[in-house]
Amino acid sequence: MDILLVGGLLLFIMLLLLSGGVWIAMTLAICGWVGQAFFTNTSPGNNLFSAFWESNASWELAALPLFIWMGEILFRTRLSEEMFEGLRPWLNRVPGRLMHTTILGCGIFGSVSGSSAATCATISKVALPELIKRGYSEKIALGSLATAGTLGILIPPSITMVVYAVAADASIIRIFLAGFLPGFLLMALFSGYIMWWSIRHPDQVPAADPPTSFREKIRQSGNLIPVTVLIVFIVWVLVAGWATATECAAYGVAGSLGLAWWSKSLTWKNFKEGVMGTTRTSCMIMFILAGAAFLTKTMAFTGIPRELAEWVNAMHLSPFALIGVLTLVYLVLGTALDGISMIVLTSAVVLPMIQKAGFDLIWFGIFIVLLVEIAEVTPPVGFNLFVLQNMTGKDSNTIARAAIPFFVCLVICIVLITAFPQIVTSLPDMVMGKG
């Protein structure tokens, strides 16, 4: 049977199972089993067990539950609220004023949580009631929170980046470094839109608060010190090469627990809830990775990735044409799947194509993370939309419409890193040398 026909059949089975509500991990494993049982001469049973073991017996993957736990600790203590309060006095005279706290807060918290949903939920709990109480536009507040929450997966450390690095067999540290400049660029685009909107609609922005003395600003900024020290320490030991990504995650957990205990916000209840939340999320992700690893073995035995790469090569698509096609594919997938599932479902097929086309895997990692960010705010399955829906009672489609201008900022960021890939590759090349 033609290899591409086999691939189409497996894709059909996958979509059929997903539309029927079968777990993503089970769907991947079933498709892998069907592919090996009917279209290869291998033993699917032996490969299933080996794939499940090899995919999770990984030192690099040990960073995953630790990063999740670090985000859970900060999410369930007062540290995030103190961080928000420290940002407020410095933004009083900037167009948009306190609206920028959503962007800065999500950027800072996202850099230590690694989770889009946790970032969105944490900053929303603190920022949204305050912004609405002071008379800021609820629509802009919802849109900025939905999209800025996605910074949790772009600004390192990031759970999604760890998953991609494992799937692509790429350096976790290098892809972490590659995320900084695009993350800052995206924050600048979000804040730039808020400033432009505020200048265009001055009647919808509250008057500035009374001027605050520099001494008072410094005093309130003391709230930023604990989390800032944690961020700087993690990034420092990572970039200096004193610790691996997994060790940095362990330092992050220890630091978060220490800060939460020092601030007297660590209780047995929120400690237990954090551990249970970490366990649930980690098991879900690792189960998906195991199913994807089995499907990857099936792809290798059938030769589908190699055939697809040759097919793409035979089409003589320009690099931009290939990226355009992949962008459309991921945008469609983002309407039905979460980001991590998008990566593990497609990596076995897409990564050989990318390598064949001559793209840098580190650059493509940031590219796909940005597309995952778009998926987080794309109906019907947009995790950040669900988070805000549960917190505000607003319909997810209403929140999605509010996020459209910031959605455009995400698209602009993708265009910029495609046109100027140095935005992604310059920092890791500078720190670690050319890969």
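Numbering starts at 1 and runs along the sequence shown.
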**Asked** Where do Trp197 and Ser137 come nearest, in terms of heavy atoms and distance?
**Response** CH2-CB, 3.6 Å
**Contact summary for Ile103 and Leu151, nearest pair of heavy atoms** = O-CD1, 4.0 Å
**Request:** I would like to know whether Met161 and Val369 meet side-chain contact (heavy atoms from CB on, under 4.5 Å); could you show each step before the answer?
**Result:** CA-CA 7 Å; Met161 286 182 179; Val369 165; 4.2 Å; yes
**Asked** Side chain of Thr150, backbone of Ala146: donor and acceptor closer than 3.5 Å?
**Response** no
**Request:** Might you point out which heavy atoms bring Leu189 and Cys409 nearest each other, and give the distance in Å?
**Result:** CD1-O, 3.6 Å
**Asked** If you round to the nearest 0.5 Å, how far is OG1 of Thr160 from CD1 of Ile343?
**Response** 5.5 Å
**Complete:** Interatomic distance, OG@Ser256 vs CG@Leu266, rounded to 0.5 Å, equals 10.5 Å
**Asked** Tyr193 vs Phe406 aromatic rings, parallel, tilted or perpendicular, using cut-offs 30° and 60°?
**Response** perpendicular
**Item:** Matching residue for Val424 among Thr418, Leu416, Leu370, Ile366 - test: side chain to side chain contact (heavy atoms under 4.5 Å, CB included)
**Value:** Ile366
**Sole candidate of Trp242, Trp236, Phe233 that passes ring-ring contact (aromatic ring centres under 6.0 Å, His included) when paired with Tyr251** = Phe233
**Item:** Pair Ile374-Val411, side-chain contact (heavy atoms from CB on, under 4.5 Å): steps then yes or no
**Value:** CA-CA 8 Å; Ile374 289 179; Val411 174; 4.3 Å; yes
**Asked** Counting only N and O atoms by type, is there a donor-acceptor contact under 3.5 Å from the side chain of Trp363 to the main-chain atoms of Ile417?
**Response** yes
**Request:** Please assess Phe184 against Ile423 for the test side-chain contact (heavy atoms from CB on, under 4.5 Å), listing each intermediate value before the final yes or no.
**Result:** CA-CA 10 Å; Phe184 296 150; Ile423 297 173; over 6 Å; no
**Message:** Which heavy atom of Gly365 sits nearest to which heavy atom of Ile175, and what is that distance?
**Reply:** CA-CD1, 4.0 Å
**Complete:** Taken to the nearest 0.5 Å, the spacing of Met26 CE from Phe287 CZ works out to 5.5 Å
**Asked** For the side chain of His100 and the backbone of Phe190, is there at least one donor-acceptor N/O pair under 3.5 Å apart?
**Response** no
**Asked** Within the side chain of Thr425, is there an N or O that forms a donor-acceptor pair under 3.5 Å with the backbone of Pro421?
**Response** yes
**Request:** List the atom of Phe407, the atom of Thr147, and the distance in Å for their closest heavy-atom pair.
**Result:** N-CG2, 4.2 Å
**Message:** Looking at Ala141, is its backbone amide N or carbonyl O close enough to the side chain of Ser144 to form a donor-acceptor pair, meaning the two atoms are under 3.5 Å apart?
**Reply:** yes
